[in-house]
Amino acid sequence: MTYVGPAGLGSAPPAAAGAGQEIYDLAERLFPICRSITGDGVRKTLDVLSGHIDLRRHEVPTGTQVFDWTIPQEWNIRSARIAAPDGRTIVDFADSNLHVVNYSVPFKGTLPLNELRQHIHTLPEQPEVIPYRTNYYTPTWGFCMAHDRLLEMTDGLYQVEIDAELKDGSLTYGEYLHRGQTEREFLLSAHICHPSLANDNCSGLALLATLARTLSTRKTKYSYRFLFAPGTIGALTWLSRNENRIQLIDHGLVVSCVGDAGCPAYKRSRRGDAFIDRAMAHLLGGRPGAKLIDFSPYGYDERQYCSPGFNLPVGMFQRSVHGTFPEYHTSADNLSFIAPEYLEDSLAVLMDLIDVVEGDWTPLNLFPKGEPQLGRRGLYSALGGQKASGITSMSLLWVLNLADGQHSILSMAERSGLPFKELAAAARLLSEHGLLAAIL
């Protein structure tokens with residue numbers, strides 16, 4: 001058994017005042033861009049993010065095999081509209097990029113209303129909003145519009161045009177690596193394929209870019225890899241190109257829908273008891289309304305990272321859970337649906353998580369027979385019930401009692417019910433006074 005001084009006890013810098021507004025402003029810049037699983041919208045988004053962090057961009061050609069999938073043709077769209085029989089524009093892509101079914105093939109023609117209706121998607125139960133629809137792997141076309149507007153359309157011939165292009169090109173994704181003291185990695189992933197949806201996922205993209213910039217100024221034990229890739233096909237592409245490095249990932253988190261007023265929610269990894277599952281359960285356990293959700297093979301890219309061939313320790317962090325709020329995948333998921341205070345709170349959760357990841361260690365009590373005499377070490381006042389640098393007597397007692405070489409700080413927090421930060425501070429104080437050593 002080897003004993004050394006405790007390592008990795010530093011704390012992540014707190015979320016800077018005004019960080020929420022900074023994240024919101026970045027999300028606002030990303031919001032108008034028409035993104036898809038391929039195309040110039042993804043590249044424009046990475047251009048914006050590159051103004052905040054030093055992103056490395058990857059282009060993977062059409063036709064490349066990624067496990068059971070194939071990189072599709074690249075899609076770009078210039079314009080689209082529906083004109084009424086009297087020439088009035090009824091639907092215009094320029095007004096909202098949700099108006100066109102994502103990945104629609106090009107089309108130009110004149111159609112009667114009954115035929116055109118077969119290519120129009122609405123939400124009758126939400127008649128004022130535009131739905132978001134895709135057909136990535138089906139060669140068809142379509143429009144999305146408010147149901148109220150559809151009801152106003154009268155019989156006649158409508159001029160329809162979608163000026164889009166599908167051709168061999170590439171799938172684009174970006175990543176940023178903050179190198180730590182070791183090659184062991186924490187993977188943070190956000191899908192970049194959704195167009196003008198503020199919560200899903202301009203909020204996640206902006207949050208991770210801000211977090212990456214914050215970490216870039218800090219020395220860390222772990223290396224942190226930030227991945228901005230199209231949903232499903234992008235994650236699969238990254239996995240296929242990095243299969244020889246997968247074993248370096250000790251922790252992972254998919255981030256989406258982090259800007260709304262909902263309480264924080266965490267979906268466990270497929271393993272269910274990975275370190276990140278335990279850390280997030282501890283951090284959210286004391287938050288009123290916070291949700292802990294068991295893994296299921298439905299959701300975002302945690303499905304790919306947690307597929308049985310990889311089974312990575314990757315969970316998902318959200319506020320309102322995808323698919324459960326009425327604004328989800330509609331034009332109501334706009335910039336008024338997210339707010340700086342919720343974005344800042346989400347950032348604070350991730351910073352607290354990094355505190356746990358960086359600050360966890362396993363201490364050994366060097367005076368395990370009875371309680372050591374704390375008075376002559378200047379610790380008696382803390383044991384007597386007063387606080388020394390925010391440390392309570394109970395945190396000192398729990399650390400001393402559980403420091404048997406079998407309990408990490410997180411394990412102590414789970415058993416005692418005390419906050420990780422408080423126990424980490426107590427362990428640091430006890431170590432400074434020669435009462436603890438760290439086990440390697």
Side-chain angles (χ1 to χ4, degrees), residues 1-15 180-182 184 186 218-222 250-251 266 273-287 290 292 313 315 348-440:
M1 189 176 292
T2 303
Y3 307 139
V4 298
L9 296 182
S11 294
Q181 295 172 349
T182 74
R184 308 307 302 180
F186 189 142
R218 179 187 173 200
K219 291 183 179 180
T220 59
K221 177 172 61 178
Y222 280 92
D250 285 345
H251 318 288
Y266 174 73
D273 60 353
F275 183 92
I276 194 167
D277 300 324
R278 296 168 51 213
M280 288 297 285
H282 171 71
L283 291 172
L284 298 185
R287 277 184 170 242
L292 294 169
V349 171
L350 297 192
M351 296 301 280
D352 286 343
L353 174 62
I354 290 171
D355 268 348
V356 177
V357 168
E358 291 287 316
D360 195 47
W361 61 290
T362 301
L364 182 73
N365 188 338
L366 299 179
F367 298 85
K369 295 180 179 179
E371 292 175 4
Q373 189 176 6
L374 300 181
R376 66 182 174 89
R377 295 178 172 88
L379 298 173
Y380 183 80
S381 60
L383 186 61
Q386 301 178 28
K387 290 189 176 182
S389 303
I391 300 169
T392 65
S393 60
M394 287 306 298
S395 63
L396 290 170
L397 291 173
W398 271 111
V399 171
L400 285 169
N401 188 270
L402 293 180
D404 55 6
Q406 303 299 315
H407 292 83
S408 73
I409 304 297
L410 178 58
S411 297
M412 295 177 183
E414 291 172 321
R415 182 160 180 182
S416 68
L418 296 176
F420 178 93
K421 284 185 176 181
E422 186 177 319
L423 292 170
R428 184 184 304 115
L429 182 65
L430 292 168
S431 177
E432 289 170 354
H433 286 77
L435 294 170
L436 298 179
I439 293 182
L440 284 182

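Numbers for residues simply follow the sequence, beginning at 1. In what follows, every heavy atom counts, from backbone to side chain, and hydrogens, waters and symmetry copies are set aside.
Residues Met412 and Leu418 have side chains not in contact (no heavy-atom distance under 4.5 Å, counting atoms from C-beta outward). Leu430 places a side-chain heavy atom less than 4.5 Å from the side chain of Leu379. Contact check for Pro372 versus Leu400: side-chain heavy atoms found under the 4.5 Å cut-off. Side chains of Arg278 and Asp360 form no contact here, defined as non-hydrogen atoms less than 4.5 Å apart.
Distance check, rounded to the nearest 0.5 Å: CG of Leu402 to CG of Asp404 gives 6.5 Å. Atoms NE2 and CG, from His433 and Leu396 in turn, are 10.0 Å apart once rounded to the nearest 0.5 Å. Distance check, rounded to the nearest 0.5 Å: CG of Leu423 to OG1 of Thr392 gives 7.5 Å. Note that the CD atom of Glu358 and the CD atom of Gln181 stand 8.0 Å from one another [nearest 0.5 Å]. To the nearest 0.5 Å, atom NZ of residue Lys421 and atom CD1 of residue Ile409 are 15.0 Å apart. We find the CG-OG distance between Leu366 and Ser431 to be 8.5 Å, quoted to the nearest 0.5 Å.
With Thr182 contributing its side chain and Lys221 its backbone, the two residues share a donor-acceptor pair below 3.5 Å. In this structure a side-chain-to-backbone donor-acceptor pair under 3.5 Å is missing from Asn365 to Ala403.
Minimum interatomic distance between Ala427 and Trp361 (heavy atoms only, all atoms of both residues): CB-CZ2, 3.7 Å. Scanning all heavy atoms of the two residues, the minimum distance from Ala426 to Ile391 falls at CB-CG2, 3.6 Å. A pairwise comparison of heavy atoms in Tyr266 and Gly315 identifies OH-CA, 3.4 Å as the closest pair.
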task: Decide side chain to side chain contact (heavy atoms under 4.5 Å, CB included) for Phe367 and Gln373; before the verdict, give the C-alpha distance in whole Å, the side-chain angles of both, and the deciding distance to 0.1 Å.
output: CA-CA 9 Å; Phe367 298 85; Gln373 189 176 6; over 6 Å; no
message: Could you walk me through whether Leu435 and Leu374 satisfy the side chain to side chain contact (heavy atoms under 4.5 Å, CB included) test, starting with their C-alpha distance in whole Å, then the side-chain angles of each, then the deciding distance to 0.1 Å, before giving a yes or no?
response: CA-CA 10 Å; Leu435 294 170; Leu374 300 181; 3.8 Å; yes
task: Check the pair Glu371 / Leu397 against side chain to side chain contact (heavy atoms under 4.5 Å, CB included), numbers first and verdict last.
output: CA-CA 8 Å; Glu371 292 175 4; Leu397 291 173; 3.8 Å; yes
- request: Might you work through the side chain to side chain contact (heavy atoms under 4.5 Å, CB included) test for Ile276 and Leu353, ending with a clear yes or no?
  value: CA-CA 8 Å; Ile276 194 167; Leu353 174 62; 4.2 Å; yes
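Geometrically, Arg184 does not engage Phe275 in a cation-pi contact defined by less than 6.0 Å to the ring centre and at most 45° from the axis.
Scanning for salt bridge (Lys or Arg N to Asp or Glu O under 4.0 Å) contacts around Arg287 gives Asp345, with sequence neighbours left out.
Aromatic ring orientation, His282 versus Phe420: perpendicular (interplanar angle above 60°, classes split at 30° and 60°).
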